Chemist: 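Dropping the structure in here first, questions after.
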There are 2 protein chains.
Amino acid sequence: MDQSGRPAERERETELPNKSVVPVTLASVKLACSQCSLHELCLSEGLSKEELAKLDSLVGARRKLRRQQNLYRAGEPFEALYAVRTGFFKTDILLEDGRDQVTGFQMAGEILGMDGIGTEVHSCNAVALEDSEVCVIPFAQLEQLSREIQALQHNFHKVMSRELVRDQGLMMLLGTMRAEERLAAFLLNMSQRFTSRGYSPAEFHLRMTREEIGSYLGLKLETVSRAFSRFQEEGYIAVQQKHIRLLDAAGLKKLLKHPPR
Amino acid sequence: MDQSGRPAERERETELPNKSVVPVTLASVKLACSQCSLHELCLSEGLSKEELAKLDSLVGARRKLRRQQNLYRAGEPFEALYAVRTGFFKTDILLEDGRDQVTGFQMAGEILGMDGIGTEVHSCNAVALEDSEVCVIPFAQLEQLSREIQALQHNFHKVMSRELVRDQGLMMLLGTMRAEERLAAFLLNMSQRFTSRGYSPAEFHLRMTREEIGSYLGLKLETVSRAFSRFQEEGYIAVQQKHIRLLDAAGLKKLLKHPPR
DNA sequence: ATATCGTATTGACATGGATCAAAGCGGCAG
DNA sequence: CTGCCGCTTTGATCCATGTCAATACGATAT
């Protein structure tokens, strides 16, 4: 059963222990911040060797999640930030009336949980969209260490600020763009993020359903599906279920800059 | 002329010097953080007397802006945060194709400029919607001081986090709500913010135009106007141009929880 | 008082995306 | 291999909001 005590629905969450927090021993340095390939995306950029060592000891635990498992839920007390090591997450909010919205998709090197700092309580749900692993960063200790290490402090502030800017972009998308522009922006964003992680810019596998994409973009799943089909007809992309190939990224960009009217 | 060197259009921006930064002397303590009535909204909550004194010396300048004057513009280098002392601001983003969107309205006690931390460059424009005054908080010094003062550090992190949560709420609004729900949410939010500043919860003056409200809510100005009229017909509010009276806040809340379908 | 200009309201009509419905596809369990 | 179930695609129709246009309002300047 999963940690909420509900019956595990269609997902297989059975094998891992409830909160699979694995303490890191000195023997397992291969997974420490100092060795982490996500350096520049994460908090450790620009830190000296000694400073990195301190950060390593702070990021003292890791947690594995199965597909569909919650990293945290809205309402739970906030204690730590999480850096995605591997895998793929979504965050979403549920309104009382049942409506919900996906507020973001997070991949390796991105930080989850900052929504909880202000109120000590998480304001959204974070769910793994595939088997994933995160670094657990106890927040009180992060604050303490970032009082000692200027670069760490600044990195953290940058991460939060970039998140604010990302949100502004999403508001722009939701407030002013039409369906096809939204999907084009989404695909280009995905491509860019995969690229910066060393994957192919033109070919990738979407981990989320059409419904989740639609929720994120403020559209219905049918509209997303139709836009995919349209893009395929126009020769911008090749779609096969969740597998996407960008055939004409420039075309998609043009769509964004010069909206049909 | 205003600081960009353009002709002042319809607005009167003539009387104040270019960058009206007024140094604060010890004689003018009445305006220092330690005396500021915005305490709990701002960064100074929970600080000791000595700590407050340090913060006072950091927030060493104030800047007055006329209606329609820019506090900063997208693309300008980021140097400082700004705490609104008096007045009312909007932030907005301009896309290459001319479309723009208002991303927020800020009032006394709220912090502007955090969008610039991540890239050292502002990503949006901040414009005074009425004659206003801000405290200038040089960011490098804020980081330095918040390495010394734990409470200041934590307050700052809270402010940023709350901004993230606010953005999530706005995404929800833009992604899932219909026009009347959006406006109801907007009015209730305004009321709540005026209330927490000691103004009447039921009667207030909107500083922005219908077009600006619409831009913020992802609607056209005509739709905003119609929703206002509808609310008036239903007896929820009384509208007279920018002057609003909430006659039935509960009714508006119900509209939010139980959408028409 | 009158003209002007930005803002707001209201009406008539157009349309993009939502809704409802049916069928196709693909992976997994039995 | 077969059947089921979740996901996706596609079609037909509807409706909320956008668009276009006319008028009204209110403040400021003349």
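All heavy atoms count here, side chains included; hydrogens, waters and symmetry mates do not. Given the structure is predicted, the values throughout are model-derived calculations rather than measurements. Residue numbers start from 1 in every chain, and the chains themselves are labelled A, B, ... in the order their sequence lines are given, proteins ahead of strands.
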Chemist: To 10°, what angle do the rotation axes through the five end pairs on each side of the helix from C:dA1-D:dT30 to C:dG30-D:dC1 form?
Modeler: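 End axes: 40° apart.
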
Chemist: Rounded off to whole Å, could you give me the CZ-to-P distance for the B:Arg210 and D:dC25 pair?
Modeler: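 Rounded to the whole Å, the gap is 15 Å.
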
Chemist: Please list, chain by chain and in numerical order, all residues satisfying side-chain contact (heavy atoms from CB on, under 4.5 Å) with B:Thr86, sequence neighbours excluded.
Modeler: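 For B:Thr86, the residues satisfying side-chain contact (heavy atoms from CB on, under 4.5 Å) (neighbours in sequence not counted) are B:Glu133.
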
Chemist: Considering only D:dT10, C:dG17, D:dA16, which nucleotide approaches the side chain of A:Arg178 most closely?
Modeler: C:dG17

Chemist: Would you kindly give the CE-to-P distance between A:Met208 and D:dT8, to the nearest whole Å?
Modeler: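 To the nearest whole Å, that distance equals 11 Å.
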
Chemist: B:Gln168: what forms a side-chain contact (heavy atoms from CB on, under 4.5 Å) with it, not counting sequence neighbours?
Modeler: A:Ile93, A:Thr103, A:Asp115, A:Ser123, A:Cys124

Chemist: State which residues pass ring pair (Phe, Tyr, Trp, His ring centres under 6.0 Å) with B:Phe105; sequence neighbours excluded, sorted by chain then number.
Modeler: B:Tyr216

Chemist: Any salt bridge (charged side-chain N to carboxylate O under 4.0 Å, His left out) involving residues 198-210 of chain A? Give me the pairs, sequence neighbours left out, ordered by first then second residue.
Modeler: A:Glu130-A:Arg207

Chemist: Got a sec, which residues hit ring pair (Phe, Tyr, Trp, His ring centres under 6.0 Å) with A:Phe89, two or more places apart in sequence or on another chain?
Modeler: none

Chemist: Over how many whole Å does the gap from B:Phe228 atom CZ to C:dT10 atom C1' extend?
Modeler: 16 Å

Chemist: Tell me whether the side-chain N or O atoms of B:Arg226 pair up with the base of C:dG11 as donor and acceptor below 3.5 Å, since no angle test is needed here.
Modeler: yes

Chemist: Sequence neighbours left out, what passes side-chain contact (heavy atoms from CB on, under 4.5 Å) with B:Gln241? Give chain and number order.
Modeler: none

Chemist: State which residues pass side-chain contact (heavy atoms from CB on, under 4.5 Å) with A:Leu94; sequence neighbours excluded, sorted by chain then number.
Modeler: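 A:Asp100.
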
Chemist: Using the side chain to side chain donor-acceptor pair (under 3.5 Å) criterion, which residues pair with A:Lys90? Sequence neighbours excluded.
Modeler: A:Glu212

Chemist: 5'-most contact on DNA chain C: A:Met177 or B:Lys242, nearest heavy atom basis?
Modeler: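 On the 5' side of the pair lies B:Lys242.
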
Chemist: Which ones in residues 211-225 of chain B lie close to DNA chain C, meaning a heavy atom under 4.0 Å from one of its atoms?
Modeler: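 Those residues are B:Leu221, B:Glu222, B:Ser225.
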
Chemist: Is it true that B:Glu222 and B:Arg226 make a salt bridge, defined as a side-chain N closer than 4.0 Å to a carboxylate O?
Modeler: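 Between B:Arg226 and B:Glu222 there is no salt bridge, as every charged N stays at least 4.0 Å from the carboxylate O atoms.
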
Chemist: Distance check needed: C:dA8 C1' versus B:His205 NE2, whole Å only.
Modeler: 14 Å

Chemist: Using whole Å, report how far CD of B:Gln68 lies from P of D:dT28.
Modeler: 14 Å

Chemist: Rounded to the nearest Å, what distance is computed from the CD atom of residue B:Gln232 to the P atom of nucleotide C:dA8?
Modeler: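 It is 14 Å, rounded to the nearest whole Å.
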
Chemist: Keeping to residues at least two apart or across chains, list the ring-ring contact (aromatic ring centres under 6.0 Å, His included) pairs with something in residues 183-214 of chain B.
Modeler: B:Phe194-B:Phe204

Chemist: Just so I know, are the side chains of A:Glu234 and A:Glu180 near enough to count as touching, which here means a heavy-atom distance under 4.5 Å?
Modeler: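 A side-chain contact under 4.5 Å is absent here.
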
Chemist: Using OP1 and OP2 only, check whether a side-chain N or O of A:Thr209 sits under 4.0 Å from D:dG6.
Modeler: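 So the side chain of A:Thr209 is outside the cut-off, no N or O lying under 4.0 Å from OP1 or OP2 of D:dG6.
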
Chemist: Is it the case that the base of D:dT10 and the side chain of A:Arg230 share a donor-acceptor contact (distance under 3.5 Å, atom types as modelled)?
Modeler: no

Chemist: Grab the N/O contacts between the protein and nucleotides 24-26 of chain C below 3.5 Å, and write none if there aren't any.
Modeler:
none

Chemist: Which whole-number value in Å describes the distance from B:Glu233 CD to C:dT9 C1'?
Modeler: 12 Å

Chemist: Is there side-chain contact between B:Leu247 and B:Tyr236, with at least one heavy-atom pair below 4.5 Å?
Modeler: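 They are not in contact (no side-chain heavy atoms under 4.5 Å apart), so the answer is no.
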
Chemist: Rounded to whole angstrom units, what separation is found between the CD1 atom of A:Ile244 and the P atom of D:dT8?
Modeler: 10 Å

